[in-house]
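Structure record follows, encoded as structure tokens.
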Amino acid sequence: MSDEQQGLKRSKLEKLQTEYMIDPFPPRSHESLSIKEVRDGRETEENVLVTGRITGKREHGKTVFVDLRDSTGSIQLYLSRNVLDEKTWSVVGLLDLGDIIQVNGSVFTTRLGELTVKCADLTILCKSLRQLPVVKVDSEGVAHDEVTDSDYLYRHRCVDLIINPDSLDRFRKRSRIISSLRSYLDSNDFLEVETPVLQSIYGGAAAEPFKTHYSSMNETYFLRIAKELYLKRLLVGGIDRVYELGKDFRNEGIDRTHSPEFTQLEMYEAYADYNVMMTRFEEMVITAAGVSGIGSDLEYQGTLIHLSPPFRRIGFLESLSKASGEDLFSWEPEDLETLCRKNDIATLAKDRITLLDKLFDFYVADRIEQPTFVVDYPEAMSPLAKGKPGSPGVTERFEAFVLGLELANAFSEQNNPILQRQILEEQAEASVHREGSVDEDFLYALETGMPPAGGMGIGIDRLVMLLTGTSKIRDTILFPNLRRQNK
RNA sequence: GAGCCGCUAGCUCAGUAGGUAGAGCAUCUGACUUUUAAUCAGAGGGUCGGGGGUUCGAUCCCCCCGCGGCUCACCA
């Protein structure tokens, strides 16, 4: 904002204070009705009190129309020189878009059918010193001069929420989705817990961690990349149904579906397996869709999605063989690389497993539209999952996809401490770059004895994307990570 | 991390085939006692993302940097 604009706002502020002896930032307001309550009450001769932010102002000489908005809606105010006393009328002239005011008056309907508060009195509750971008909506509901600078909106989410009702609505839905998941889990006897975010040994997923330094211990700590290894300790401890909903941190690239700081729900259920987790997932998604006001059919990125259980199930190995027409699993890495190149799949990977995963994304995952469980992943891709009886080299694991978006990852949890130790030690050995080491305390827990269990992680931001029709994960996160701006 | 594109008034955008810039909305002044993208008349507002180079002269051409968007890599 220019100095001139700032100066104007300041001089209005001073005028209010010195000329009219008004405190532009009073400590409190009177209890008032929400705008929705006023609208529901229709016309009334009785005085109502309303508070809100000014989002529009239309002057007509001795009359001014103002649009007032609170979190429940918007209503028009009618301010007339004939109704207000002289001082208040002067104050009306100093009102700006963005100011927060309280008014009281009767409610009537204008000639054009707009429900309106005929103000008898007005109090400024907060004078805005910044100029809000103005978005006007015409009679056809088309927004004009909508702010398109997403950087500006991410950096000033407060402005975004004020000027973009859709944005506010999306975050309301996010909140409702999360509380519906909590109440589903709570009503199914899952216990919500909190486990460490700062960890001296990280694990539970294959990802690059954020590092930090713990001064008083003089040791390197990591922000968790997953909650898995701690929640399993709780299964050992006798909390048979447990979950944690919170942030994980992964020091990887940012794109449309990845955020370095993201919200993940992890849940573990003793005496269950990955089949139970599939049912849980179906139920939770349906529940969440219900509260976000969508129902079981929704449009996502131009495709109609049917959330009707049971979701389709396809085998990882079978679907890849079928889609590619080859039994790729017997192939050497060099041949897999050649196939990748032939299909324009760019990757730096050289190992069989990563290449297979790449090819799987290309042939299968990217083409999935309707909700689908991809089941039974190769052992080498799933170090914490239990093997599938009768299928050597295959684990009881699934990932849930909708329109190419991975929403959940679940398995029948590995509870054999000897096998688990072997896998974790091999993994630690193989990964030269990783600073992580084997989590001995986790293995101590497994050796103590963990009941057979099913576990699942659900990407909450992505679920919100799906249920709100949002294409960018950043639009589901109130304050997404941005590069620091010099200024 | 790589490639491409972008950055001009508070917001949305135009523009100059190199001669330091315009519109709409917002703001300010005036008119208007039921308007709603209110309307009408007038005004102010920009070191054209930052730095360097070429040039008599750069917002425009070249180079570097910053920030963003989109693709890709890493990854969930």
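Residue numbers begin at 1 in each chain, while the letters A, B, ... track the order of the sequences.
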Does [X] make a side-chain N or O approach to OP1 or OP2 of [N] shorter than 4.0 Å?
X: Lys62(A); N: A31(B); result: no
X: Arg483(A); N: G68(B); result: yes
X: Arg256(A); N: U71(B); result: yes
X: Arg474(A); N: G69(B); result: yes
X: Arg130(A); N: G10(B); result: no
X: Arg58(A); N: U34(B); result: no
X: Thr148(A); N: C13(B); result: yes
X: Thr257(A); N: A76(B); result: no
X: Lys57(A); N: A26(B); result: no
X: Lys12(A); N: C28(B); result: yes
X: Lys358(A); N: A73(B); result: yes

If we count only N and O atoms by modelled type, under 3.5 Å, do the side chains of [X] and [Y] hold a donor and an acceptor together?
X: Thr263(A); Y: Arg174(A); result: yes
X: Gln264(A); Y: Arg224(A); result: no
X: Glu369(A); Y: Thr303(A); result: no

task: By nearest nucleotide on RNA chain B, pick out whichever of Asp67(A) and Pro133(A) is the more 5' one.
output: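 First, find each residue's nearest nucleotide; the 5'-ward one identifies Pro133(A).
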Closest-nucleotide ordering on RNA chain B, the 5'-leading residue of Phe108(A) and Ser150(A):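 The 5'-side residue here is Phe108(A).
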Answer with base, sugar-phosphate or nothing: what part of the nucleic acid does [X] contact at a heavy-atom distance below 4.0 Å?
X: Glu406(A); answer: sugar-phosphate
X: Phe262(A); answer: base
X: Ser11(A); answer: nothing
X: Asn82(A); answer: base

query: How many angstroms lie between CG in Leu122(A) and NZ in Lys87(A), if you round to the nearest 0.5 Å?
result: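 Here the rounded value is 11.5 Å.
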Select one nucleotide: of [options], the one nearest the side-chain heavy atoms of [X].
X: Gln131(A); options: U34(B), C67(B), A26(B); result: A26(B)
X: Tyr78(A); options: C74(B), U33(B), G68(B); result: U33(B)
X: Leu8(A); options: U12(B), C28(B), U36(B); result: C28(B)
X: Arg250(A); options: C75(B), U35(B), G10(B); result: C75(B)
X: Asp145(A); options: G24(B), A37(B), U35(B); result: G24(B)

message: For A38(B), is there a stacking contact with Phe65(A), counting only centres under 5.5 Å and planes under 30°?
response: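 It does not: the two rings, one from Phe65(A) and one from A38(B), miss the stacking criterion.
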Complement of A37(B), any strand, by Watson-Crick or G-U distances under 3.5 angstrom: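 None - no nucleotide pairs with A37(B), as no candidate has both distances under 3.5 Å.
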field: Rounded distance in Å between the P positions of G44(B) and C62(B)
entry: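 My reading of the P atoms in G44(B) and C62(B) gives 36 Å.
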- request: Say whether, by atom type as modelled, one donor and one acceptor occur between the side chain of Arg474(A) and the main chain of Asn481(A) under 3.5 angstrom.
  value: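 Here the side-chain-to-backbone pair exists.
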message: Under 6.0 Å from the ring centre and within 45 degrees of the ring axis: does the NZ or CZ of Arg367(A) meet both conditions for the six-membered ring of Phe362(A)?
response: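 Judged by the rule, Arg367(A) and Phe362(A) form a cation-pi pair.
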